[in-house]
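Below: one structure, written as structure tokens.
All residue numbers refer to positions in the sequence shown, counting from 1. Note that these values count all heavy atoms, side chains included, but never hydrogens, waters or copies made by symmetry.
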Amino acid sequence: MARKKKQYIFENIEVIDAGAKGKSIAKAPDGKVIFLSNAIPGDIVDIRTGRKRKAYYEGTAIKFHTYSNKRTTPICQHFEYCGGCKWQHMEYKHQLFYKEKEVVNNLTRIGHLELPEVTPILGCENSYYYRNKMEFSFSSNRWLTPTEINSTQEIDNRNACGFHIAGMWDKILDITTCHLQEEPSNQIRNFIKEYGIENNLEFYNPRVQSGFLRTLMVRISSIGEIMLVLQLFKEDKKQREALLNAISEKFPEITSLQYVINSKGNDTLYDQNIILFKGRDHIFEEMEGLKFKIGPKSFYQTNSKQAYELYKITRDFAKLSGNEIVFDFYTGTGTIAQFVAKKAKKVIGVESVPEAIEDAKNNAAFNNIQNVEFFAGDMKEVFNDDFIKQHGQPDVIITDPPRDGMHKNVVEKILNIKPKRVVYVSCNSATQARDLALMKEQYNIVKLQAVDMFPQTHHVENVVLLELK
């Protein structure tokens, strides 16, 4: 028989800080930290612990004695259950404060780094309706709220289109209005859901792997072009054509209407054949006169307007005069490489995903940029002596790695070749701090700038300029 986990109740506890992964922080009477998911700094609460670790507790606020003056009323009706916007109940200016604080804490506590004067975090002009890409899932077995579960009312329609409930791979929260992407995103999703219900289309059931409507992806570019990719679990030509024609008729402004038949166990599209139904098989993003062709499998920064601000900071930190050789590591589809190219002698981009490199090459050709080259391969293997011999000693390295940070071999190679400047863009300041700690004997941190790409969430980007001592 499994041992029941012992729960503790702590009363009148002040929430004192916000931490990683959107958790808030309090202190238990025994001095241990408590991580909370449903409170913000300044709240005074009673807490029930759900799990005790050696060094901390995980808990939930079960009673609020005093609400924080940092609070605001969430605008989303789904906020309590969705989990996509963990900080929507905190005023935006306070979100920015805690994001900047996390970056500084990680660099000083994890990396033990000496920092120059910290440039204030760059907030986002639009704290809602900023995402250019959203993905929704259909389900024939939608998640029920506690109120619905406790109700005696019979629920005869369990169809849903929305987001996965955290920790429940087979449960979908039905979304009426999401405030992260501009219209017609909600209109499109709700139309398809209602059409499916009215025409008895089967919504997908992941447990038994059956159904028709599976997922939906909506992209809306900064110049107003719209891509819709509908994922179906099985082919039914009559139903499919009727549905796609109905969407096309209702939303003639859609630039690219595509679909995919995917009967495998997971939803990922990267190994699937995506079929064009109407319009173009791509849309365009535009930035400072550059155009970027975006397909259904393309990566592009999710917040177009703030990506422009991020890239401007990166270019400014690089201090390019037009004579530099620049290496752009983890280049993705080459947006940063192309953005800085006009101020560099030559830019070399490296990325492990071959499809992203193909996009980068095509976009560079489309933009008639002659001084960029792109290469596909694992950074720790590509970045070697032969690569440097072939392309020249870099004056500046721009690196924008994934959340795990740079491989230690890549860091070692940078230290061996000693470029004058390194501009490190990071979506995870903890791993950034680890990497910078390895470089602090040879490089000074000259500038750092946190950038908020995702308001209402705990995520934050950070740009650091390193100069050779």
- Message: Whether the side chain of Asp378 engages the backbone of Lys380 through a donor-acceptor N/O pair (distance < 3.5 Å, no angle test) should be reported.
- Response: yes
- Is Asp395 salt-bridged to Lys345, going by a charged N under 4.0 Å from an acidic O? no
- Item | Greater than 12 external heavy atoms within 6.0 Å of Glu253's CD | yes
- Task: Determine, stepwise, if the pair Lys234 / Glu202 fulfils salt bridge (charged side-chain N to carboxylate O under 4.0 Å, His left out).
- Result: CA-CA 10 Å; Lys234 63 185 179 183; Glu202 282 186 279; 3.1 Å; yes
- Please assess Leu213 against Leu232 for the test side chain to side chain contact (heavy atoms under 4.5 Å, CB included), listing each intermediate value before the final yes or no. CA-CA 5 Å; Leu213 296 171; Leu232 307 172; 3.9 Å; yes
- Item | Criterion side chain to side chain contact (heavy atoms under 4.5 Å, CB included) on Met453 and Gln301, from CA distance to verdict | CA-CA 9 Å; Met453 301 286 286; Gln301 282 281 4; 3.5 Å; yes
- Taking the side chain as every heavy atom from C-beta outward, state whether Asp435 and Thr399 have any atom pair closer than 4.5 Å. no
- Task: Hey, could you give me the CD1/NZ distance between Ile121 and Lys101, rounded to the nearest 0.5 Å?
- Result: 13.5 Å
- Separation of Glu309 CD from Thr314 OG1 (nearest 0.5 Å): 11.0 Å
- Item | Donor-acceptor contact present, side-chain Glu102 to main-chain Ala20, <3.5 Å | no
- Could you pull out the closest heavy-atom pair between Asp174 and Arg142, with the gap in Å? CB-CD, 4.1 Å
- Query: Taking Tyr92 for the side chain and Cys124 for the main chain, is one N or O donor matched with an acceptor at less than 3.5 Å?
  - Reply: yes
- Message: Within the 4.5 Å heavy-atom criterion, are Gln456 and Ser127 side-chain neighbours or not?
- Response: yes
- Heavy atoms from other residues, nucleotides or ligands near NZ of Lys305 exceed 12 (cutoff 6.0 Å): no
- Note on the structure: In this structure, CE of Met406 is separated from NZ of Lys413 (nearest 0.5 Å) by 14.5 Å
- Message: Could you walk me through whether Glu467 and Lys319 satisfy the side chain to side chain contact (heavy atoms under 4.5 Å, CB included) test, starting with their C-alpha distance in whole Å, then the side-chain angles of each, then the deciding distance to 0.1 Å, before giving a yes or no?
- Response: CA-CA 11 Å; Glu467 289 188 350; Lys319 298 180 181 178; 2.7 Å; yes
- Query: Angle class for the Phe79/His89 ring planes (parallel below 30°, perpendicular above 60°, tilted otherwise)?
  - Reply: tilted
- Item | Shortest non-hydrogen contact from Gly322 toward Glu324 | N-OE1, 3.2 Å
- Item | Electrostatic pair Glu225-Arg280, nearest N-O below 4.0 angstrom | yes
- Task: Test Phe138 against Cys161 for side chain to side chain contact (heavy atoms under 4.5 Å, CB included), laying out the working first.
- Result: CA-CA 4 Å; Phe138 294 94; Cys161 184; 3.6 Å; yes
- Is any side-chain heavy atom of Ile397 closer than 4.5 Å to a side-chain heavy atom of Phe383? yes
- Message: What verdict does the ring pair (Phe, Tyr, Trp, His ring centres under 6.0 Å) test give for His78 and Phe163, after you've listed the backbone C-alpha separation in whole Å, the side-chain angles of each residue and the deciding distance to 0.1 Å?
- Response: CA-CA 10 Å; His78 308 293; Phe163 302 124; 8.6 Å; no
- Under 3.5 Å, is there a donor-acceptor pair between the side chain of Gln449 and the main chain of Pro120? yes
- Name all pairs fulfilling the side-chain hydrogen bond (donor to acceptor under 3.5 Å, both in side chains) condition that reach into residues 235-246, sequence neighbours left out, sorted by first residue then second. Glu235-Arg240, Arg240-Tyr259
- Rounded to the nearest 0.5 Å, how far apart are OH of Tyr311 and CG of Asp400? 7.0 Å
- Do you see a donor-acceptor pair shorter than 3.5 Å between the side chains of Gln432 and Asn462? yes
- Message: Other residues, nucleotides and ligands only: do more than 12 of their heavy atoms fall within 6.0 Å of NZ on Lys408?
- Response: no
- Task: Could you label the plane-to-plane angle of the Phe375 and Phe387 rings as parallel, tilted or perpendicular, counting under 30° as parallel and over 60° as perpendicular?
- Result: perpendicular
- State whether the number of non-hydrogen atoms from other residues, nucleotides or ligands found under 6.0 Å of Lys420 atom NZ is greater than 12. no
- Task: Pick out which of Glu182, Glu183, His179 makes a side chain to side chain donor-acceptor pair (under 3.5 Å) with Tyr129.
- Result: His179
- For residues Phe136 and Lys193, determine if any side-chain heavy atom of one lies less than 4.5 Å from a side-chain heavy atom of the other. no
- Measure from the side-chain N and O atoms of Glu286 to the backbone N and O of Ser222, and report whether any donor-acceptor pair falls under 3.5 Å. no
- Item | Donor-acceptor under 3.5 Å (Tyr300 side chain, Ile294 main chain) | no
- Query: Within 45° of the ring axis of Tyr204 and under 6.0 Å from its six-membered ring centre, is that where the NZ or CZ of Arg214 lies?
  - Reply: yes
- Message: Once rounded to the nearest 0.5 Å, what's the spacing between atom CE of Met439 and atom CD1 of Ile414?
- Response: 4.5 Å
- Side-chain donor/acceptor of Glu194 to backbone N/O of Asn190, under 3.5 Å: no
- Message: Using modelled atom types and a 3.5 Å cut-off, is there a donor and acceptor pairing between side-chain atoms of Lys297 and backbone atoms of Gln272?
- Response: yes
- Given Glu381 and Asn384, is the side chain to side chain donor-acceptor pair (under 3.5 Å) satisfied, shown in steps? CA-CA 7 Å; Glu381 295 167 6; Asn384 54 32; over 6 Å; no
- Tyr308 six-ring centre to Lys312 NZ/CZ under 6.0 Å and within 45° of normal: yes
- Message: For Glu249, is the CD atom crowded, meaning more than 12 foreign heavy atoms sit under 6.0 Å from it?
- Response: no
- Item | salt bridge (charged side-chain N to carboxylate O under 4.0 Å, His left out) partners of Asp452, counting only residues at least two apart | Lys99
- Item | Ala376 to Val382 - nearest heavy-atom pair and separation | O-CG2, 4.4 Å
- Ring-ring centroid check Phe284 Phe366, cutoff 6.0 Å: yes
- Query: Rounded to the nearest 0.5 Å, how far does CD1 of Ile226 lie from CZ of Arg219?
  - Reply: 13.5 Å
- Message: With a 3.5 Å distance limit and no angle check, can you tell me whether Glu351 reaches the backbone of Val353 through a side-chain donor-acceptor pair?
- Response: yes
- Message: If you compare all heavy atoms of Val372 against all heavy atoms of Ala364, which two are closest, and at what distance to 0.1 Å?
- Response: CG2-CB, 3.6 Å
- Qualifying residue for side-chain contact (heavy atoms from CB on, under 4.5 Å) with Phe292, from Thr333, Ile283, Asp359, Thr335: Thr335
- Contacts of Ser137 that satisfy side-chain contact (heavy atoms from CB on, under 4.5 Å) - sequence neighbours left out: His164, Ile172, Thr215, Asp267
- Query: Which class fits the ring pair Tyr81 and Trp143: parallel under 30°, tilted 30 to 60°, perpendicular over 60°?
  - Reply: tilted
- So, Gln181 side chain and Asn132 main chain: donor-acceptor pair closer than 3.5 Å or not? yes
- Task: Considering non-hydrogen atoms only, spot the tightest contact between Gln88 and Pro74 and give its length.
- Result: OE1-CB, 3.4 Å
- Query: Taking all non-hydrogen atoms of both residues, which atom of Lys70 and which atom of Tyr98 are closest, and how far apart?
  - Reply: CE-OH, 3.4 Å
